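To start, the structure under review is shown below, and the notes come after it.
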Amino acid sequence: MSHPDAPDAESTDFIREAIAADNQSGTFGQRVHTRFPPEPNGYLHIGHVKSIALNFGLAEEFDGKCNLRFDDTNPATERQEFAEGIQHDLAWLGFTPSGPTLYASDYFEQLYTWAESLVERGLAYVDDQDSETISTQRGGFGQPGVESPFRERSAEENLDLFRRMRAGEFDDGSRVLRAKIDMQAENMQLRDPIMYRIKRSTHYRTGDTWVIYPTYDWAHGQSDAIEGITHSLCTLEFMDHRALYDWYLQQLDLPFEKPEQIEFARLGLTHTPMSKRVFARLVEGGYVDGWDDPRMPTVRGMRRRGYPATALRAFVDRVGIARTNSTSEIELLESFVRDELNQTASRRMAVLHPLKVVITNWPADEVVLVEAANNPADPDAGTRQVPFTGELWIEQDDFKLEPPPKYYRLSPGREVRLRAGFYITATDVETDEAGNVTTVLCTYDPESEGGSTPDGRKVKATIHWVSAEHALDRTVYLYERLFSDPFPGEGGADPLDSLNPSSRETVAAKLEPALGDAAAGQVVQFERLGYFAVDMDNPSIFHRTVGLRDEWANIQKRNQAQAGKSKQNNQQGKQGKKKSEGA
RNA sequence: UCGCGGGUAGUUCAACCGGUAGAACACCAGACUUUGAAUCUGGGGGUUGCAGGUUCGAGCCCUGCCCCGCGAGCCA
């Protein structure tokens, strides 16, 4: 294939450019070594996928390496379960670390040794004040900080105190080790940041061997250095930490080029808070079934929902890397999911909201096996046989006693095609006392088997169906957005305020027999409805992954909006535009 | 209030370090169709935050202003 004029398919961004420049100048000797450093205090979510794809993608593109390192410096929140889950999710996404899994907690001893060396050189001191006092002394934006009365302790005293901190002689929170930098610095991160705190909490890996733990800032750059990381990528909120990152590394006087911290914007997604705190509340509050609930934006939730890993990766690739805070539309993610599934998912028929059809001229008890393509776009996907009988289920939406304009599905006197089956014409209905249609009586054209007639006449609609006698009864979960507001929590509101109360609808569906063979986790297309994933644990449960694009729904929506608008014109006036400002 | 970062179609990103803006998704229309899907074709959409300046020429450079984000955890 030759597309001489095709735009360069290679995605480029400021980070890739920076790396190319480093390679050009030989800064790291052509080496590219990144790392993905999650804290094991929750499961991976779609936001992490962006960072993962960036770090691992860079390593691959530049023929370098990418580590998986757990940033486990806070024993209070971390758990083995999360560390394992993250590794599992990472593998499912299709990424493989360049070496064994690494842990910041493995560097505790080295970090401690380095800290002592800073103490010895008068670059760090033990502060006996409580956190509130320290916080007050730090000053504020535009106001200088106040130096701690303990700032000028001798190196000997500091070393003694620091060793006794490690030995467990002091109470939690009673002392900290601080870097001695500059209480006047405009960058708050440089106002004598804390390096160690005393915290008696069992660490999921180191147990109780430590009572002092390094803070993120003290641990991160040094961990990068230990691993020979060249480009340490993190999100924008760490921008102010870069000066500190560099300061620590400078004091260590390492015999090789120091890693370079580069920040990029985290992923924002409409209708999707991207905070572990919110996720934990959803799980703990019982608003969802767990971290792997199909409505959760976690990797495991999306996997259960049926989102293919390739779609997730294609999505974050498309969003790209920039320094602009931005929020992508969730529709973009969904379009990648559909795009992938359209190519891979087998077609099946299922009726979600069943309405009985009786074919009055069908030979009693006759069963005809009709042949249906598994994927019309892919002949290699083969065909299957679907039993057709005189009693069928069709979708309630596919019949209207009084068809609205532009409606061309089944209605009295109208003929439609049953997909891969026969043409039927509605002749009559049966209703209950309330007047609701309970059964549609039809006649069929015996010459139309397979979906076409000798006279070649056209019908406007093709609808799906399931033989009542052969139908499988299954539970299908239909999902809507978990949060109805595109920007949950905007303006300081509680994100949970915009939880959609009907984010999951449970439906008793009728499925064609072939669906009985669907494998756990498999995703199929229910024709005309959407993609549905077989639950990974219970194969008789289906989750709607994503619906098909639905032009008819759009038409109806437009008509409604039109009607609503003309109604509104009469009573318009007040209601200032609601603009949301940060609280 | 101070510091840092950012502002290009509805959204997310491009635009060879000055040559007068493109793509994807979304939207609209048409073609095709045994999924109102998919596919194909076409279309509407931008005074590049605002105002000046430099220049033959500015989204790119300069000045001022506006708006948004982050920063005062012993969280990461």
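Every chain is numbered from 1 and lettered A, B, ... according to where its sequence line falls, protein lines coming before strand lines. Here the structure is a predicted model, which means the values were calculated and not measured. When reading the values below, keep in mind they use all heavy atoms of this one structure, side chains included, and skip hydrogens, waters and symmetry mates.
Checked by distance alone, H464(A) brings no side-chain donor or acceptor within 3.5 Å of a matching partner on the base of A37(B).
Taking the C1' atoms as reference points, G49(B) lies 15 Å from G69(B), given to the whole Å.
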Distances under 3.5 Å between nitrogen or oxygen atoms of protein and nucleotides 43-45 of chain B:
none

Quick test: give all pairs of protein nitrogen or oxygen and nucleotides 4-8 of chain B nitrogen or oxygen below 3.5 Å, distance rounded to 0.1 Å.
unit_1: G5(B); atom_1: O3'; unit_2: R323(A); atom_2: NH1; d: 3.0

Heteroatom pairs (N/O) under 3.5 angstrom, protein to nucleotides 26-30 of chain B:
unit_1: A26(B); atom_1: OP1; unit_2: R549(A); atom_2: NE; d: 3.3
unit_1: A26(B); atom_1: OP1; unit_2: R549(A); atom_2: NH2; d: 2.0
unit_1: C28(B); atom_1: OP1; unit_2: R558(A); atom_2: NH1; d: 2.1

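With sequence neighbours excluded, no residue forms a side-chain hydrogen bond (donor to acceptor under 3.5 Å, both in side chains) with S135(A). Contacts of H241(A) classified as ring pair (Phe, Tyr, Trp, His ring centres under 6.0 Å), with partners at least two apart in sequence or in another chain: F238(A). The salt bridge (charged side-chain N to carboxylate O under 4.0 Å, His left out) check on E329(A) picks up nothing, with sequence neighbours excluded. Looking at residues two or more places apart in sequence or on another chain, you find a salt bridge (charged side-chain N to carboxylate O under 4.0 Å, His left out) between R153(A) and D128(A), E157(A). Residues satisfying the salt bridge (charged side-chain N to carboxylate O under 4.0 Å, His left out) criterion with D171(A), sequence neighbours excluded, are absent altogether. Every residue two or more places apart in sequence or in another chain was checked for a ring pair (Phe, Tyr, Trp, His ring centres under 6.0 Å) with F36(A), and none qualifies. Under the salt bridge (charged side-chain N to carboxylate O under 4.0 Å, His left out) criterion, E186(A) pairs with no residue, sequence neighbours left out.
Applying the salt bridge (charged side-chain N to carboxylate O under 4.0 Å, His left out) definition to pairs two or more places apart or across chains, those involving residues 544-557 of chain A are E480(A)-R544(A), E551(A)-R558(A).
Counting non-hydrogen atoms under 4.0 angstrom, F336(A) reaches nothing in the nucleic acid. No contact: H220(A) has no heavy atom under 4.0 Å from any strand. Among the heavy atoms of the strands lying under 4.0 Å from D130(A) is at least one base atom, whether or not backbone atoms are also near. Contacts of S328(A) with the nucleic acid, taken as non-hydrogen atoms under 4.0 Å apart, involve only primed sugar atoms and P, OP1 or OP2. Residue T77(A) is out of contact with every strand shown, counting any heavy-atom pair closer than 4.0 Å.
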Secondary structure of RNA chain B per the Watson-Crick/G-U criterion (both distances under 3.5 Å; [ ] crossing, | other strand, . unpaired) is .((((((..((((.....[..)))).(((((.......))))).....(((((..]....))))))))))).....

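Using a 3.5 Å distance cut-off with no hydrogens or angles, the side chains of Q129(A) and D127(A) do pair a donor with an acceptor.
Its glycosidic angle being within 90° of 0, G73(B) falls on the syn side.
Taking every side-chain heavy atom of T215(A) into account, C74(B) is the closest of C74(B), A37(B), G71(B). Which of A72(B), C75(B), G36(B) sits closest to the side chain of K199(A) comes down to C75(B).
Nearest approach of R242(A) to R323(A), heavy atoms of both residues: NH1-NH2, 4.3 Å.
At the phosphate of A38(B), neither OP1 nor OP2 sits under 4.0 Å from any side-chain N or O atom of R528(A).
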